[in-house]
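Structure first, commentary second.
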Amino acid sequence: MEELYFVKDYKQDNRLRQSFSELAISVFGLSFEEWYIKELWNDRYIPYSFHADGKIIANVSVNLVDLIIAGQKKRAVQIGTVMTHPDYRNRGLSRSLLEKVLAEYENKTDVIYLFANSEVVDFYPKFGFGEVEEDEFYMAYKHEQTASATIRKLNGKVIEDLHFIKSAAQRRKSLSQMLSTEGTWGILLFYCLNVFPEQIYYMEEDEVIVICEMKENKLHLYDVIASHAVPIEDLISKIANSETTEVIFHFTPGNLSALSRRRLPKDDGVLFVRTTGENVYPINMSHPIMAKA
């Protein structure tokens, strides 16, 4: 049996990083290479991997996150990019990498969490993770005529636009004191680059970046990036249209009083949380989709 080697935080190593990206493409259909080349991969994303002669064959990544929970900042680790090459599965490699991550961070953070697909929900409870139910916030909408707004479309593939978004994200005001994240601009820019490059808009008068799209008369609001408080109803009236019947928030909004809620579908993963002290993670909230690893 060939010898496997453990390695972490190796983004500066071209051979290992490119092999990591190749594995991510084969497992998730997502490349990390452009994220690195455009200098968007920061020190808050740390892969923990095994390699065989320079070929990455298993990985568990650490994302360092500041969680805002009930108005207090909590140190958190979000685990993501859990993957193993098909030739090396069923050898306990993910377990070994997860154990290394937990040993390093369980006494340094308040919360360790992850989003797992339905195929592995029985795996994480073995390590002290418990499932947390999430809600989705939404509102019925009837469009009314509003003043025109100057909206400039941004392109998540253009480096100038990405750095504009980065600058705004680094200065952003949290959307909610109930549950939001800070220090996650790296993940945000990964989404802008790879997932939502055509759904990014800058509202010039309001100085707000909005990431959203219409699907079957429903406005999906993925993120709102601003350095100041934003009147969300006024913002929606400028980006919705006469065919919009519902607005869905893919984060926890600051003002919940006017919104309805329903159980969040688990299509995008089941939330598992492992708290290292008191149980601080709130139930029935919605983790920001643009900060989900």
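Keep in mind that this is a model prediction, so the values were computed, not measured. Index from 1, following the sequence.
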Who passes salt bridge (charged side-chain N to carboxylate O under 4.0 Å, His left out) against [X], sequence neighbours left out?
X	answer
Glu233	none
Asp122	none
Glu204	Arg152
Lys100	none

Say whether [X] and [Y], considering side chains only, have a donor N or O and an acceptor N or O under 3.5 Å apart.
X	Y	answer
Glu205	Thr150	yes
Thr84	Ser94	yes
Ser174	Glu182	yes

Is the closest side-chain heavy-atom distance between [X] and [Y] below 4.5 Å?
X	Y	answer
Ser176	Phe137	no
Val121	Glu131	no
Glu104	Lys8	yes
Phe249	Val247	yes
Ile236	Tyr141	yes
Thr181	His287	yes
Lys157	Glu34	yes
Val208	His228	yes

Subject >> Parallel, tilted or perpendicular, as decided by the 30° and 60° cut-offs, for the rings of Phe20 and Tyr10 >> reply: perpendicular
Original post:
Are Gln177 and Ile68 close enough, and set up right, to give a side-chain contact (heavy atoms from CB on, under 4.5 Å), and what steps lead you there?
Top reply: CA-CA 6 Å; Gln177 289 298 300; Ile68 305 300; 3.8 Å; yes
Exercise answer: donor-acceptor pairs, residues 192-201 side-chain atoms, under 3.5 Å, sequence neighbours excluded:
{"unit_1": "Asn194", "atom_1": "ND2", "unit_2": "Phe190", "atom_2": "O", "d": "3.2"}
{"unit_1": "Glu198", "atom_1": "OE1", "unit_2": "Lys153", "atom_2": "NZ", "d": "2.9"}

**OP:** Please list, chain by chain and in numerical order, all residues satisfying side-chain contact (heavy atoms from CB on, under 4.5 Å) with Ser21, sequence neighbours excluded.
**Re:** Ile25, Ser31, Phe32, Glu33
**OP:** In plain terms, say whether Arg263 and Asp135 are close enough for a salt bridge, that is, a side-chain N and a carboxylate O under 4.0 Å apart.
**Re:** yes
Original post:
Is a salt bridge present between Arg261 and Glu136, judged by a nitrogen-to-oxygen distance below 4.0 Å?
Top reply: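 Glu136 and Arg261: not salt-bridged.
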Partners passing ring pair (Phe, Tyr, Trp, His ring centres under 6.0 Å) against [X] (at least two apart in sequence or in another chain):
X	result
Tyr36	none
Phe164	Tyr202
His163	none

Subject >> Members besides Tyr138 in its Ile/Leu/Val/Met/Phe/Trp/Tyr cluster (side-chain heavy atoms under 4.5 Å) >> reply: Ile248
Work out which heavy atom in [X] is nearest to a heavy atom in [Y]; give both atom names and the distance.
X	Y	value
Arg274	Phe127	NE-O, 2.6 Å
Gly269	Phe115	O-CD2, 4.3 Å
Leu162	Lys38	CD1-CD, 3.6 Å

Flag, side chain of [X] to backbone of [Y], donor-acceptor distance under 3.5 Å:
X	Y	result
Trp35	Gly186	yes
Glu133	Ile283	no
Tyr105	Leu64	no
Asn63	Gln78	yes

Enumerate donor-acceptor pairs with a distance under 3.5 Å from any side-chain N or O in residues 213-221 to protein atoms, sequence neighbours excluded.
{"unit_1": "Glu213", "atom_1": "OE2", "unit_2": "Tyr222", "atom_2": "OH", "d": "2.6"}
{"unit_1": "His220", "atom_1": "ND1", "unit_2": "His250", "atom_2": "NE2", "d": "2.9"}

In a table with atom names and distances, give each donor-acceptor pair under 3.5 Å that connects a side chain of residues 51-62 to protein atoms at least two apart or in another chain.
{"unit_1": "His51", "atom_1": "ND1", "unit_2": "Gly54", "atom_2": "N", "d": "3.0"}
{"unit_1": "Asn59", "atom_1": "OD1", "unit_2": "Tyr48", "atom_2": "N", "d": "3.4"}
{"unit_1": "Asn59", "atom_1": "OD1", "unit_2": "Ser49", "atom_2": "OG", "d": "2.6"}
{"unit_1": "Asn59", "atom_1": "ND2", "unit_2": "Ser61", "atom_2": "OG", "d": "2.9"}
{"unit_1": "Asn59", "atom_1": "ND2", "unit_2": "Thr81", "atom_2": "O", "d": "2.9"}
{"unit_1": "Ser61", "atom_1": "OG", "unit_2": "Tyr45", "atom_2": "OH", "d": "2.8"}

